[in-house]
Amino acid sequence: MQKNNSEVICAIATPPGRGGIGVVRISGNNLESVAGGLIGRLPRPRYATYTSFLDASGQSIDQGIALYFSAPHSFTGEHVLELQGHGGPAVMQALLNRCLELGARLAMPGEFTQRAFLNGKLDLAQAESVADLIDASSIEAARSALQSLSGEFSRRIQIMQTRLTELRMRVEASLDFPEEEDIVEAEREKVRKGIDVTLEELAGVLAAAKQGALLREGVHVALIGQPNVGKSSLMNALAGEEIAIVTDVAGTTRDALRQEIQVSGVSFHLIDTAGLRETTDTVEQMGIARTWTAVEKAGIALLLVDSQHGLGEAELKIIDKLPAGITRITVHNKIDLSGEAPRCESGTEVWLSARTGEGIDLLCAELLRIAGWQPTGEGGFMARRRHLAALGCAQSHLNMALEISGQLELQAEELRLSQEALSEITGEFTPDDLLGEIFSRFCIGK
């Protein structure tokens, strides 16, 4: 990996606003002048030094702790200086401006982590997990991101890459000695077995990656149905608080209301929508149009019906208009009025009461099942859509390599393409424009 010929960069590494502590982070291989202007000298590496932070006239901007990490023993692999002062916006901005006066430049989003990647401190999957750990919305997501940051995901990718290297060598050797038929056939059998083993391992990694992607992104769930079937009540029951207004007046909900909930660590993005019915009310018509827009983007639709009446002609019309790829759960609400017991049937029908909470646990279990969540009790790892795409691509090329085992030249190419797809995950083979896209989504101070 080519190292970054770094300018000195700086940024406020703590969130905007007021706090007891604020941190300004500085990184680069020429920190002496910046450190000299700020605190008089570079402090002793890896020791906390209490000092004053100075402006251009030598007056104190603030007092706090200076921490110096010398290259390559730092997060970025370069010299890093962190100034920990009082977390007021004015103080932090004054410190940052002083760094800029001394020749540093403002870091771009994710540039500290990008430098860690370019300097070989992290591979690309680990670098992405830094942002995932910061953005984790549940303890399960945080644990998975930490597993990826520690290198577990990368380790399993590397094992498969090593095996593919060996398989490619065997195929290339068979190409070099075509006259040795017995040897070539023996090698072909070893290659077939090796591909089988790699495919099995790849399937396990892909399954774990899908779980990680689910933890990271969650699932969008649209609550739909006629007016007054209890969509807003169910939204409130799932959220555990009064998010939506609930009245007996039909058409109360005019716009899409959104709320994120956690079920066993998995995020579900709930969208409470306007009741679907024929109406001449212009505002309600706009709300219904937004309902269908929300449904188009959702992965699961909860079709609420009044359990006292069941599915009727109006609900069947709604079902007919649902997108082909969406998963539907029919929720028979108001069992406290119909006298029915909470239950789940056929995997896509649940009887419950949003008012009393009976049967809510059954619905949550169905949401997890449909989302594909499989709690294993073991540490997983965080994954992104690009990881899933790369793993799927590698799997396709391996399957093709298995099918054409008699055509060695083509098989060698399929194995190469499979290995190349895996390399995109860790960054060993990654287009520069993809790197820019990945790190641009990080926060400035990371």
Residues at least two apart in sequence or cross-chain that pass ring pair (Phe, Tyr, Trp, His ring centres under 6.0 Å) with His269, listed by chain then number, are His220

For Arg18, I'd like to know if atom CZ has over 12 heavy atoms of other residues, nucleotides or ligands within 6.0 Å.
no

Review point. Is Ile159 atom CD1 crowded by more than 12 heavy atoms from other residues, nucleotides or ligands, each under 6.0 Å away?
Key: yes

Problem - Within 45° cone of Phe112 ring axis and under 6.0 Å: Arg25 NZ or CZ - result: yes

As an exercise, state the distance from [atom1] of [X] to [atom2] of [Y], rounded to the nearest 0.5 Å.
X      : Y      : atom1 : atom2 : value
Leu410 : Ile404 : CG    : CD1   : 4.5 Å
Leu202 : Arg156 : CG    : CZ    : 10.0 Å
Ile9   : Leu100 : CD1   : CG    : 12.0 Å
Leu367 : Thr327 : CG    : OG1   : 10.5 Å
Glu340 : Ile335 : CD    : CD1   : 7.5 Å
Thr198 : Gln419 : OG1   : CD    : 10.5 Å

Is there a donor-acceptor pair under 3.5 Å between the side chain of [X] and the backbone N or O of [Y]?
X      : Y      : answer
Ser418 : Glu414 : no
Glu315 : Gly312 : yes
Ser396 : Gly392 : yes
Arg384 : Glu128 : yes
Ser338 : Ser307 : no
Asn333 : Leu304 : no
Ser346 : Thr348 : no
Asp123 : Ala125 : yes
Ser129 : Leu149 : yes

Within the structure provided, determine whether [X] and [Y] are in side-chain contact (heavy-atom separation under 4.5 Å).
X      : Y      : answer
Cys10  : Leu96  : yes
Pro45  : Phe69  : no
Val34  : Leu81  : no
Trp373 : Leu214 : yes
Leu302 : Val350 : no
Leu164 : Gln161 : no
Leu118 : Gln114 : yes
Leu234 : Ile360 : yes

Pair Ile271-Val221, side chain to side chain contact (heavy atoms under 4.5 Å, CB included): steps then yes or no: CA-CA 6 Å; Ile271 309 167; Val221 181; over 6 Å; no

query = Does the side chain to side chain contact (heavy atoms under 4.5 Å, CB included) test come out yes or no for His332 and Leu352, once each step is laid out?
reply = CA-CA 6 Å; His332 300 264; Leu352 56 74; over 6 Å; no

Looking at [X] and [Y], does any basic side-chain N land under 4.0 Å from a carboxylate oxygen?
X      : Y      : answer
Arg163 : Glu166 : no
Arg105 : Glu111 : yes
Asp336 : Arg355 : yes
Arg343 : Glu345 : yes

*Over 60° means perpendicular and under 30° means parallel, so classify the ring planes of Phe153 and His387, tilted if in between.*
perpendicular

Answer yes if the side chains of [X] and [Y] hold a donor-acceptor pair under 3.5 Å, and no otherwise.
X      : Y      : answer
Thr426 : Ser154 : no
Glu349 : Thr330 : no
Ser148 : Gln126 : no

Closest non-hydrogen atoms of Ser70 and His79, given as atom of the first, atom of the second and distance, are CA-ND1, 3.5 Å

Heavy atoms of Gly299 and Ile326 approach each other most closely as O-CG1, 3.7 Å

The test is side chain to side chain contact (heavy atoms under 4.5 Å, CB included); show your working for Met92 and Val24 and say whether it passes. CA-CA 7 Å; Met92 287 290 99; Val24 172; 4.1 Å; yes

Do Arg386 and Glu424 pass the salt bridge (charged side-chain N to carboxylate O under 4.0 Å, His left out) test, and can you show the C-alpha distance, the side-chain angles, and the key distance before you say yes or no? CA-CA 9 Å; Arg386 77 170 195 91; Glu424 290 184 10; 5.5 Å; no

message = Between Val331 and Leu303, does the side chain to side chain contact (heavy atoms under 4.5 Å, CB included) criterion hold? Intermediate values first, please.
response = CA-CA 6 Å; Val331 179; Leu303 174 61; over 6 Å; no

